[in-house]
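In listed order, ligands and their atoms are each counted from 1.
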Amino acid sequence: MKFPDSFLFGTATSSYQIEGNNTWSDWWYWAEKGKLPKAGKACNHWELYREDIELMASLGYPAYRFSVEWARIFPEEGKLNDSALMRYQEIINLLNERGIIPVLTIHHFTLPTWFALKGGFEKEENLKYWEKYIEVIAELEGVKLVATFNEPMVYVVSGYLVGMWPPFKRNFLTAERVAANIINAHAIAYEILRGKFEVGIVKNYQHFIPASDSKRDMEARSRVDYLFNWALMNGIFQGSYEGFIREHKVQESNLDFIGVNYYNIQKVKKSWNPLNPFIVEDANVSRKTDMGWSVYPRGIYEGIKGFSRYERPIYITENGIATLDDEWRIEFIVQHLQYIHKAIEEGFNVNGYFYWSFMDNYEWAEGFRPRFGLVEIDYETLERKPRRSAYIYGEIAKRKEISEGLIERYGSR
Ligand code: IFM
């Protein structure tokens, strides 16, 4: 099963999840208050980045998606930390020197605490701070693909609708205002960065099925699918965002590529509670991962089909599994790649695949328990130990091909 020569195989991480000691970030602030697990040194990547890039190169991964931490670059309002910016430039340079294509994400869930305390993306007037940050990002050299936001709807839903993540709010109107401001923030970034980089967004695709074949549940599925998967994307292209309750006028802009993150399948049920009209839960179609998620490889193909409506190059910017059963990880990778291959064969414009994650890391409100990594981290010693899946994925990435033996053993038929 051969992939095109230009297809990018890589791995993904994000700054807060691996760097350690991001003391100026809002997640750190809330962890200190006891509302979140502490990230502490995480994988100590901020100090061990050279070794990590070396390991990545030795495993044969040709691309790497990572994020920069706004709070490191601007630890205080108006105060640029040049040395942090230079460190990110050094990381990009090292990746290029080792033949690894860097893909950069500008916002991956965390904020500088000072910005969060001003109301973050709840307030349109705060976008002036975002603009300053983007002007600094524009100085980076040696990157082609830049994503403005990672999984904006996950950010909105987790932080403003179900209240599990900072700032722990549960309010439909606030949530949709944040989504609208993120669309505006994307537009600001697109305007400043276009031409220099290929500028896209990374959107989580959630595969939803109805909890039953009743009309109520089928309609609920369509509505949730629209609100979660497509409304924000449409907002970017159309200048009008349909929120949970209201329509918002937003700044129309563009995307040079679309990053799609895909993990699992969920079912949607209509509830009788008008304040909480939809029940969304695990679809229960497979053994559960350590995140409590069901695996459904065909969903990645459905996601690609869905996002192809925007007629932009697609990259699978995340796909992965939290498990200690590394054989299952290999099966997961092979089966999802089979469906990506099918999409490419059918003519869909898919250009890359990034496994989440290069190494075990801080999984947000779940702390360090879930293990998504190709590389295991011993959090006591911070030793990196590649799992078997790390080598197998390296072989796939180097050859841009899944061997018959792998398909025979792990593939779906
Ligand atoms: O760890 C996260 C990542 O930060 C965003 N996408 C999903 C991953 C697994 O939950």
Please work out whether any backbone atom (N, CA, C, O) or any side-chain heavy atom from C-beta onward of Tyr362 is under 4.0 Å from ligand 1, and answer side chain, backbone, both or neither. neither
Glu151 N/O under 3.5 Å from ligand 1 N/O: yes
Based purely on interatomic distance, does Gln17 place a nitrogen or oxygen under 3.5 Å from a nitrogen or oxygen of ligand 1? yes
Which ligand 1 atoms does [X] reach within 4.0 Å, using its non-hydrogen atoms?
| X | value |
| --- | --- |
| His108 | 3 (C), 4 (O), 5 (C) |
| Glu318 | 3 (C), 5 (C), 6 (N), 7 (C), 8 (C) |
| Trp293 | 10 (O) |
| Trp364 | 1 (O), 2 (C), 3 (C), 4 (O) |

Heavy atom of the protein closest to atom 10 (O) of ligand 1 (residue, atom name, distance): Glu363 OE2, 2.6 Å
Closest to atom 8 (C) of ligand 1 (judged by heavy-atom distance), picking from Tyr263, Phe372, Tyr16, Phe109: Tyr263
Which donor-acceptor pairs under 3.5 Å do the side chains of residues 222-241 make with protein atoms, sequence neighbours left out?
| residue | atom | partner | partner atom | Å |
| --- | --- | --- | --- | --- |
| Ser222 | OG | Met218 | O | 3.3 |
| Arg223 | NH1 | Glu242 | OE2 | 3.0 |
| Arg223 | NH2 | Glu242 | OE2 | 3.3 |
| Asp225 | OD1 | Asn229 | ND2 | 2.7 |
| Asp225 | OD1 | Trp230 | NE1 | 3.4 |
| Asp225 | OD2 | Trp230 | NE1 | 3.1 |
| Tyr226 | OH | Asn234 | ND2 | 3.4 |
| Asn229 | OD1 | Gln206 | N | 3.0 |
| Asn229 | ND2 | Gln206 | O | 2.9 |
| Asn234 | OD1 | Tyr310 | OH | 2.6 |
| Ser240 | OG | Glu247 | OE2 | 2.5 |

Work out which heavy atom in Lys400 is nearest to a heavy atom in Asp5; give both atom names and the distance. CE-O, 3.1 Å
For Lys398, does the NZ atom have more than 12 heavy-atom neighbours from other residues, nucleotides or ligands under 6.0 Å away? yes
Report the C-alpha separation of Leu193 and Ile106 in whole Å, then their side-chain angles, then the decisive distance to 0.1 Å, and conclude whether the side chain to side chain contact (heavy atoms under 4.5 Å, CB included) test is met. CA-CA 11 Å; Leu193 303 176; Ile106 301 175; 3.7 Å; yes
According to salt bridge (Lys or Arg N to Asp or Glu O under 4.0 Å), who are the partners of Asp52, at least two apart in sequence or on a separate chain? Arg384
Is a salt bridge present between Arg371 and Asp360, judged by a nitrogen-to-oxygen distance below 4.0 Å? yes
Classify the angle between the aromatic ring planes of Trp130 and Phe121 as parallel (below 30°), tilted (30 to 60°) or perpendicular (above 60°). perpendicular
